Amino acid sequence: MPAPPPLHLAVALDGAGWHPAAWRAPESQAASLFTAGYWIDLVREAERGLLDLVTFEDAFVLQSTQFHSHDDRTDLVRGRLDAVLLAARVAPHTRHIGLAPSTVITHSEPFAVASAIATLDHITSGRAGWRAQGAGRNHEAGHFGRREIPPLSVADLEAPEVLALMKDVFDEAAEFVEAARRLWDSVEDDAEIRTVPAGRWSDPGGGGTHLDRRHIDRNRTHPVDLEGSHWRVRGPATVPRPPQGQPVVVGLAHVTIPYRLAARAYDVVFVTPHEVEHIRPIIDEIRFEQDAAGRGDQTLHIFGDLIVFLDADGARAADRKARLDDLAGTPLVSDARVFAGTAGELADLLLAWRDAGLTGFRLRPGVAAADVEGISRLLVPELRRRGAFRPAYEADTLRGLLGLPHPANRFVTA
């Protein structure tokens, strides 16, 4: 029987970490949260561990303990840096790891977002990902004034009107991702002509300089002409086709409607089982939706999300979490499973979940400054000892790291 393929690993970065009181931990570097150096150090540490990618969280509202409104607490981190700009700032300080910023697409324009992610792919030489994120919160919509979203509570989540709103948000997200993908294909790989004498200084490699006018072969650009519920895109793009052809699209999903979006639009979906027996039903549902969307022959990675507190001593990891729980006034409860222990214990869990069908994991560090290092310096060596993780980077692009093929341009194949 062949050995299972090595795991894929990602890290989700958000402020001081995924515990609400993480900024109060002695090791948190809370004073540096809004500096470039803080983020560069975290991503370089993840790259030291040979991870596939990092994701950067973002939102159009301040952090809150209430889903549909602000709260009055003063003991939580408030505010984030723009994720796309942050990824672009970090990019020159990394060489291999994928960078996947989040954008809230419900209140954005496909042309602008597609251009930004294509630009990130160019400046990283093919390491861009994109977390496409829908939003259904009324105080978020209030920043833009384009639509009304009624205030809702967690207790309403199964109500018919809430399910209808969720379906609209995620259907729009699928349209948005499709618009971005069409824009990335709208300028063919060889559409730029760079050898016509007349307009731009360049060095052809022979030691001299000559004038070179860079222009576009209009026969190799294509209109998009796609209309969504709240936008219309004509195209073609103004940014040349990304080096990866299509940057890697990722997203988080918990229930059927987001699973359907993942099956229609994503390359990697992050899911949140809490026990191993939850995994197979989630995978089966996503694969069913993938077949229904006509994508059954395409690779769609399913990663498990976990919040992690890691230490060489499991009791110390549990104590770190407990101290933060005390500071927050309540134990940490999350959509994802919360783990506190040793790298060996976490490796046991990850490999058991892999055997249940997951192809990788996105780990959310409880305290970023401590637990990203725990992932790279404790967990990764442990997985490597078990033959479950790569010994070196084996590809130059994020698609290559994830085993995704370079996609054909839909307009050329058409």
Side-chain angles (χ1 to χ4, degrees), residues 10-25 27-47 51 53-65 70-71 73-94 97-109 112-124 127-135 137 139-140 142-144 180 247-252 270 305 307 362-373 375 398:
V11 164
L13 298 180
D14 187 18
W18 285 81
H19 196 293
W23 69 278
R24 301 174 71 181
E27 65 272 28
S28 71
Q29 302 177 37
S32 302
L33 288 184
F34 298 103
T35 68
Y38 171 82
W39 297 92
I40 291 167
D41 288 346
L42 288 177
V43 178
R44 291 180 70 174
E45 183 63 39
E47 187 171 67
L51 272 61
L53 72 151
V54 295
T55 62
F56 302 89
E57 297 299 302
D58 208 347
F60 284 143
V61 289
L62 295 174
Q63 297 90 325
S64 173
T65 57
H70 302 293
D71 62 27
R73 293 182 62 167
T74 59
D75 60 340
L76 300 176
V77 171
R78 299 293 198 222
R80 293 181 174 95
L81 300 178
D82 180 275
V84 176
L85 294 177
L86 181 58
R89 179 66 179 84
V90 168
H93 299 272
T94 60
I97 196 166
L99 306 174
S102 300
T103 62
V104 179
I105 57 184
T106 307
H107 307 294
S108 302
E109 294 292 336
V113 173
S115 297
I117 300 300
T119 299
L120 182 64
D121 204 44
H122 279 284
I123 66 174
T124 58
R127 295 185 288 119
W130 171 38
R131 184 185 167 203
Q133 184 176 339
R137 295 179 283 195
H139 58 314
E140 201 161 13
H143 290 314
F144 300 91
V248 176
V249 182
V250 307
L252 177 67
F270 309 127
D305 259 29
I307 296 177
R362 186 178 72 147
L363 304 178
R364 309 179 191 176
V367 178
D371 293 306
V372 172
E373 186 171 303
I375 292 165
L398 179 54

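It should be emphasised that the depicted structure is a prediction, and the values quoted were computed from it without experimental measurement.
When side chains are defined from C-beta on, R362 counts as touching L252, because their heavy atoms get closer than 4.5 Å. Contact annotation: the side chain of D371 never approaches that of I307 to less than 4.5 Å [non-hydrogen atoms, C-beta and beyond]. At a threshold of 4.5 Å between non-hydrogen side-chain atoms, the residues P365 and W18 count as touching. Residues W130 and V84 are not in side-chain contact: their nearest non-hydrogen atoms beyond the backbone lie 4.5 Å or more apart. With a 4.5 Å cut-off on side-chain heavy atoms, Y38 and L13 do not count as touching.
Between A132 and I105, the closest heavy-atom pair is CB-CD1, 4.1 Å. Across all non-hydrogen atoms, the minimal contact from A16 to A22 is O-CB, 3.6 Å. Nearest heavy-atom pair, S28 versus V367, reported as atom, atom and distance to 0.1 Å: CA-CG1, 4.3 Å. Between L53 and A100 the shortest heavy-atom distance is CD1-CB, 3.9 Å. When all heavy atoms of D58 and S102 are compared, the pair lying nearest together is CB-O, 3.7 Å. The minimum heavy-atom distance between G15 and W39, with the atom names listed, is N-CH2, 3.5 Å.
Interatomic distance, L33 CG to R80 CZ, rounded to the nearest 0.5 Å: 11.5 Å. Atom CZ of residue F56 and atom OG1 of residue T103 lie 13.5 Å apart, to the nearest 0.5 angstrom. Between atom CG of residue L42 and atom CD of residue E45 there is a gap of 8.5 Å, rounded to the nearest 0.5 Å. Atom CG of L51 and atom CG of L363 lie 7.5 Å apart (nearest 0.5 Å). Of the inter-residue distances, the one linking R89 atom CZ with D82 atom CG reads 14.5 Å to the nearest 0.5 angstrom.
Judged by distance alone, the side chain of E47 and the main-chain N or O of I97 form a donor-acceptor pair under 3.5 Å.
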For R364 and D14, run salt bridge (charged side-chain N to carboxylate O under 4.0 Å, His left out): C-alpha distance rounded to whole Å, both residues' side-chain angles, the deciding distance at 0.1 Å, then the answer.
CA-CA 8 Å; R364 309 179 191 176; D14 187 18; over 6 Å; no
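Exactly one residue among T55, L86, I117 makes a side chain to side chain contact (heavy atoms under 4.5 Å, CB included) with P101. That residue is I117. Under the side chain to side chain contact (heavy atoms under 4.5 Å, CB included) test applied with V54, the options V11, T94, V90 reduce to a single match, V11.
Residues meeting the side chain to side chain donor-acceptor pair (under 3.5 Å) test with R131, sequence neighbours left out: E57.
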